[in-house]
Amino acid sequence: MNEKRQMRDVYDAVADPTRRKLLRMLADVEELPLHELTVHFQMGRTAVSKHLAILKAADLVIARRVGRETRYRLNAAPLKEIQDWVSFYEGFWKERIVKLKLLLEEKK
């Protein structure tokens with residue numbers, strides 16, 4: 001099967017607030033081991049690991065084994081897809097606001 005099809009959808013991966021928090025935490029550091037990530041959540045290591053596995057399947061995190069621990073790092077490149085999608089709608093709404101302002105000025 002094509003490797004792209006096996007990857008998890010980036011939108012699905014960031015839909016969960018826990019996964020968004022993990023991404024935000026990893027954006028602030030070079031990499032962190034699982035136990036340092038887990039302390040920031042009210043859930044166990046297994047649950048955090050499952051969230052990281054989803055992010056990894058979407059290519060948003062990279063896991064690296066160092067001895068007995070796994071360290072995680074952010075791979076922000078797939079987030080560009082979301083940025084491109086949002087920026088289209090940002091332009092869409094800016095254009096609508098300009099048209100609304102012009103319409104309101106005509107009504108004065």
Side-chain angles (χ1 to χ4, degrees):
M1 184 180 266
N2 185 342
E3 186 177 320
K4 271 283 199 212
R5 289 187 183 152
Q6 291 176 342
M7 286 181 56
R8 192 178 242 323
D9 182 77
V10 69
Y11 296 95
D12 183 40
V14 300
D16 184 272
T18 299
R19 293 191 289 270
R20 289 193 303 270
K21 183 176 178 179
L22 284 164
L23 291 173
R24 181 67 183 101
M25 291 170 61
L26 291 171
D28 292 337
V29 296
E30 187 173 328
E31 62 182 16
L32 284 173
L34 177 61
H35 72 273
E36 287 186 36
L37 291 165
T38 303
V39 298
H40 298 279
F41 299 94
Q42 294 182 339
M43 62 182 75
R45 289 172 59 107
T46 303
V48 174
S49 289
K50 287 181 181 181
H51 284 291
L52 287 165
I54 291 168
L55 292 171
K56 187 177 173 190
D59 200 29
L60 288 165
V61 297
I62 298 166
R64 179 174 75 95
R65 296 286 295 173
V66 178
R68 291 177 36 190
E69 71 180 9
T70 303
R71 297 178 150 266
Y72 295 91
R73 117 184 353 219
L74 173 67
N75 177 30
L79 293 173
K80 175 99 170 76
E81 180 181 345
I82 294 174
Q83 180 187 13
D84 292 346
W85 184 76
V86 169
S87 66
F88 167 80
Y89 288 100
E90 182 180 17
F92 172 85
W93 285 112
K94 282 181 181 179
E95 181 181 322
R96 295 299 188 274
I97 289 170
V98 167
K99 286 181 180 180
L100 179 61
K101 283 181 181 178
L102 291 173
L103 182 64
L104 290 173
E105 287 174 5
E106 287 176 9
K107 300 270 183 184
K108 287 184 180 180

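None of these values were measured; they are calculated from a predicted model. Values reported hereafter were calculated over all heavy atoms of this structure, with side chains retained and with hydrogens, waters and symmetry mates removed.
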**Complete:** Between Tyr72 and the options Leu37, Leu32, Ile62, the side-chain contact (heavy atoms from CB on, under 4.5 Å) test singles out Leu37
**Request:** First locate atom CG of Leu34, then atom OG1 of Thr46, and finally report the distance between them rounded to the nearest 0.5 Å.
**Result:** 8.5 Å
**Item:** Test of ring centre spacing under 6.0 Å for Trp85 and Tyr89
**Value:** yes
**Request:** Count the heavy atoms of every other residue, nucleotide or ligand shown that sit under 6.0 Å from CZ of Arg24, and state whether that count exceeds 12.
**Result:** no
**Request:** Assess whether atom NZ of Lys50 is packed by more than 12 heavy atoms of other residues, nucleotides or ligands within 6.0 Å.
**Result:** no
**Request:** Would you please name every residue forming a side-chain contact (heavy atoms from CB on, under 4.5 Å) with Lys80, sequence neighbours left out?
**Result:** Gln83, Asp84
**Interatomic spacing from CG in Leu26 to CG in Asn75 - rounded to 0.5 Å** = 11.0 Å
**Item:** Pairing residues for Glu105 by the side-chain hydrogen bond (donor to acceptor under 3.5 Å, both in side chains) criterion, not counting sequence neighbours
**Value:** none
**Fill in**
Rounding to 0.5 Å, atoms CD (Glu31) and CZ (Arg64) come to a distance of 4.0 Å
**Asked** Got a second to check how far Asp16's CG is from Leu23's CG, nearest 0.5 Å?
**Response** 10.5 Å
**Item:** Gap separating the CG atom of Asp9 from the CD atom of Glu81, nearest 0.5 angstrom
**Value:** 6.5 Å
**His51 vs Phe41, side-chain contact (heavy atoms from CB on, under 4.5 Å): CA-CA, chis, key distance, verdict** = CA-CA 12 Å; His51 284 291; Phe41 299 94; over 6 Å; no
**Request:** Quick one: closest heavy-atom pair of Arg20 and Ala15, and the distance?
**Result:** NH1-O, 2.8 Å
**Prompt:** How about Lys99 and Leu103: do any of their side-chain heavy atoms sit closer than 4.5 Å?
**Reply:** no
**Message:** Using the ring pair (Phe, Tyr, Trp, His ring centres under 6.0 Å) criterion, which residues pair with Phe88? Sequence neighbours excluded.
**Reply:** none
**Item:** Single-linkage hydrophobic cluster Phe92~Ile97, side-chain heavy atoms < 4.5 angstrom
**Value:** no
**Item:** Distance, nearest 0.5 Å, that separates CG of Leu60 from CG of Leu22
**Value:** 11.0 Å
**Prompt:** When hydrophobic residues are tied together by side-chain contacts of less than 4.5 Å, even through go-betweens, does Leu55 share a cluster with Tyr11?
**Reply:** yes
**Asked** Is the closest side-chain heavy-atom distance between Val29 and Glu36 below 4.5 Å?
**Response** no
**Prompt:** Shortest non-hydrogen contact from Arg19 to Ala13?
**Reply:** NE-O, 2.7 Å
**Message:** Using the rule that Ile, Leu, Val, Met, Phe, Trp and Tyr join whenever any side-chain heavy atoms are under 4.5 Å apart, tell me whether Ile54 and Val61 fall into a single cluster.
**Reply:** no
**Shortest non-hydrogen contact between Met25 and His40, atoms and distance** = CE-CD2, 3.0 Å
